[in-house]
A.B. asks: 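Have a look at this one.
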Amino acid sequence: MPKRDEAATRTQRVRSEKALGHRLKRMRAQAMKPAIVHGDAEEERSESVALDLGWGRLLFAQTYPGNDEIVEALRQEGPAKRDIAFYIRDPHVLLSLAPQELFLDPSHTYRLNLSTYRAGRRQPRGFFIRRLTSESDADAVNAIYQSRGMVTVRPDFFWRNRDSRAVVYLVAEDEATGDVIGTVTGVDHRRAFNDTENGSSLWCLAVDPRCPHPGVGELLVRRLAEHFQARGAAFLDLSVMHDNQHAIGLYEKLGFQRVPVFAVKRRNPINEKLFTHPPQGYERLNPYARIIVDEAHRRGVAVEITDAEGGFFRLSFGGRSIHCRESLSELTSAVAMSICDDKAVTRRVVERAGLNVPEQMDAAAGSEAIAAFLKKHRRVVVKPARGEQGHGVAVGLETVDEVERAVKAAREISSRVLLEACFEGEDLRLVIIDDRLVAAAVRRAPRVVGDGASTIEDLIRHQSRRRAAATGGESTIPVDAETRRCLSSQGLELRSVPAKGREVIVRKTANLHTGGSIHDVTEEVHPALVEAACKAARAIDIPVVGIDFMVRSPSLAEYVFIEANERPGLANHEPQPTAERFLDLLFPRTGFQSAKRALG
């Protein structure tokens, strides 16, 4: 047996070495071979081409006379832009000319040979791919960029360039809602600068993190590849961050192969995290701590990560030092935190301040009291008196048996369990910082969309994987008793196969950590709701808080108070400036206006 194991190991090592040798040979060939000429060899290639794509310029290094010209072009980068010098063959030489200004982008370049590429059989389900055609499409693409931490583009730029011969913008549209759920940009090199290699490239592939459909990214890439293949392009190139394993896996699955081509960028605030060494433990921070740490770095506020797994860090500026856990800081008193921690206490405090609150009772009152409460309100909510992130919460219970099972589950979270009258409507979160509204968002319960072939359990698993990838592992859909109860109320179970296009709500709670999605409504929230949320924050005497209401609509004044969260997730509310306002509260002199005044 040991001999067979040893032989197998030796065989595997030999195969790995052969594969590595083959890859190295291919990379050397790609790096050293001359340009492939297609068509008329006499046609002159354009020189010093810098193609403006809105978020910055794409500098095609092979069109520049030399490295000095590339350096000078990068120095002309506009404010709040991110220029990329691509197809750099000797980055070590280029960087030596301006080592304090430029850096080597830590990305890999992958190439798809379009002469051998074959279209896949997979067809879009629940969405379709088309060209960008309207200003509303441009706004939706920008919203996706923002949600993915990408540089946004002026909407009129998309609109002005929608008929460009060199640049193509594709979007994925949800068949049911009409929402744009994904986007990709393609550049035709021959039309951009008479490329003798007849290449093309892919940029800005992004899918809405709330997208319920699988395969959107793959279909966008395939459609772009087929578009350039039909135009007669020889290959499709792309640049992907070296640690983006999910994207790299997709590209390799589609037949892309890595080539030794490099990109160089200019040092600027947008690119800072790519060329600076982050503080120890930064990579283990969750998105809610990381967004604040990033903003602190941008302002020159010193950061010491004290416990990465717990989201603890210390911020220091001048003689002031503040310890934080995500958006919870030392400025929040222990009393305010204890008020938020006990939902019954929170309700009493805000009720005395004049807010509308639902009727509530303690589950310890007994079965008869529970039955009477249920009879009065017909539908109720069961929640632990203490707890967060939606754990143990059951919504829309209609029978005593359902309530008793939910109470039993909630007692695993907290020994005290509450029953509340159920208010129909939408779950609205308002983030209040320093007695001002910073962001408002509707949180919607997790749902999946049938494709006519997959079970609900499979759809939940795919949706959870996408949600986890989009939120740094913070959001997944649990498959538990509450999920089964929600499906049962619709006459479904985990093994059910919903018809193509059918939307199935899989949980009644809208908490992000249990798979819910969040939709910004800051610009449309009714002033009465803002006033009520600020009044609640003042009653609790808390500087940073997430106030949860149930509302008929964010644009109407009617509401019912649900709870207050002393540690709201600021990363959930982009593009609103939540982290900026948090740092303004902690270190007022580091804000933009203060800095502007100091500089005269």
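On a predicted model such as this, the values are computed, not experimentally measured, just so you know. In what follows, every heavy atom counts, from backbone to side chain, and hydrogens, waters and symmetry copies are set aside.
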A.B. asks: Under a 3.5 Å distance rule, please check whether Asn198 uses its side chain to pair with a backbone N or O of Gly232 as donor and acceptor.
C.D. replies: yes
A.B. asks: Would the number of heavy atoms belonging to other residues, nucleotides or ligands and lying under 6.0 Å from NE2 of His519 be above 12?
C.D. replies: yes
A.B. asks: Would a distance-only check, ignoring hydrogens and angles, find a side-chain to backbone donor-acceptor pair under 3.5 Å from Asp307 to Gly310?
C.D. replies: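 Confirmed, Asp307 side chain pairs with Gly310 backbone.
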A.B. asks: So, Tyr251 versus Asn244: side-chain donor-acceptor pair below 3.5 Å or not?
C.D. replies: no
A.B. asks: Is it the case that the side chain of Ser200 and the backbone of Asp188 share a donor-acceptor pair, with hydrogens and angles ignored and the cut-off at 3.5 Å?
C.D. replies: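 Here the side-chain-to-backbone pair does not exist.
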A.B. asks: Quick check with a 6.0 Å cut-off and a 45 degree axis cone: is Arg111 positioned over the face of Phe235's six-membered ring?
C.D. replies: yes
A.B. asks: Check the surroundings of atom CZ in Arg154: do more than 12 heavy atoms from other residues, nucleotides or ligands lie under 6.0 Å from it?
C.D. replies: no
A.B. asks: Can you tell me how far apart OG1 (Thr590) and CG (Leu583) are? Round to the nearest 0.5 Å.
C.D. replies: 5.5 Å
A.B. asks: Quick test of your reading of the model: are Lys253 and Glu218 salt-bridged, counting only N-O distances below 4.0 Å?
C.D. replies: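 Glu218 and Lys253: salt-bridged.
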A.B. asks: Quick check for you: to the nearest 0.5 Å, what is the distance between Gln257 atom CD and Asn113 atom CG?
C.D. replies: 8.0 Å
A.B. asks: For Ser464 and Ile477, indicate whether the former's side chain and the latter's backbone hold a donor-acceptor pair under 3.5 Å.
C.D. replies: yes
A.B. asks: Would you call the rings of His189 and Tyr87 parallel, tilted or perpendicular, taking 30° and 60° as the class edges?
C.D. replies: perpendicular
A.B. asks: Drop me the distance from Gln123's CD to Arg125's CZ, to the nearest 0.5 angstrom.
C.D. replies: 9.5 Å
A.B. asks: With a 3.5 Å distance limit and no angle check, can you tell me whether Arg266 reaches the backbone of Glu101 through a side-chain donor-acceptor pair?
C.D. replies: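 Such a contact is absent between Arg266 side chain and Glu101 backbone.
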A.B. asks: To the nearest 0.5 angstrom, please state how far the CG atom of Asp237 sits from the CD atom of Glu197.
C.D. replies: 8.5 Å
A.B. asks: Taking ring-ring contact (aromatic ring centres under 6.0 Å, His included) as the definition, give me every residue that meets it alongside Phe228, ordered by chain and number, with sequence neighbours left out.
C.D. replies: none
A.B. asks: Is there a donor-acceptor contact under 3.5 Å from the side chain of Arg299 to the main chain of Glu580?
C.D. replies: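 Here the side-chain-to-backbone pair exists.
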A.B. asks: Side-chain polar contacts of residues 167-175 - donor-acceptor pairs under 3.5 angstrom, sequence neighbours left out - could you list them?
C.D. replies:
{"unit_1": "Glu173", "atom_1": "OE1", "unit_2": "Arg130", "atom_2": "NE", "d": "2.7"}
{"unit_1": "Glu173", "atom_1": "OE1", "unit_2": "Arg130", "atom_2": "NH2", "d": "2.9"}
{"unit_1": "Asp174", "atom_1": "OD1", "unit_2": "Ala176", "atom_2": "N", "d": "2.8"}
{"unit_1": "Asp174", "atom_1": "OD1", "unit_2": "Thr177", "atom_2": "N", "d": "3.1"}
{"unit_1": "Asp174", "atom_1": "OD2", "unit_2": "His213", "atom_2": "NE2", "d": "2.7"}

A.B. asks: If you count heavy atoms of other groups shown closer than 6.0 angstrom to CD of Glu309, is the number above 12?
C.D. replies: yes
A.B. asks: Distance under 6.0 Å and angle within 45° of the ring axis: does Arg267 meet both against Phe275?
C.D. replies: yes
A.B. asks: May I ask you to establish whether Arg89 and Phe262 are in a cation-pi arrangement, using a distance under 6.0 Å from NZ or CZ to the six-membered ring centre and at most 45° from the ring axis?
C.D. replies: no
A.B. asks: Side chains of Asn268 and Asn271: donor-acceptor distance under 3.5 Å anywhere?
C.D. replies: yes
A.B. asks: Between Asn142 and Val153 (side chain of the first, backbone of the second, donor and acceptor by atom type, cut-off under 3.5 Å), is there such a pair?
C.D. replies: yes
A.B. asks: Can you tell me if Glu135 uses its side chain to pair, donor with acceptor, with the backbone of Asp156 under 3.5 Å?
C.D. replies: no
A.B. asks: List in chain and number order the residues that pass ring-ring contact (aromatic ring centres under 6.0 Å, His included) with Phe157, two or more places apart in sequence or in another chain; answer none if no residue qualifies.
C.D. replies: none
A.B. asks: How are the rings of Phe193 and Phe60 set to each other: parallel, tilted or perpendicular (split at 30° and 60°)?
C.D. replies: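 Tilted.
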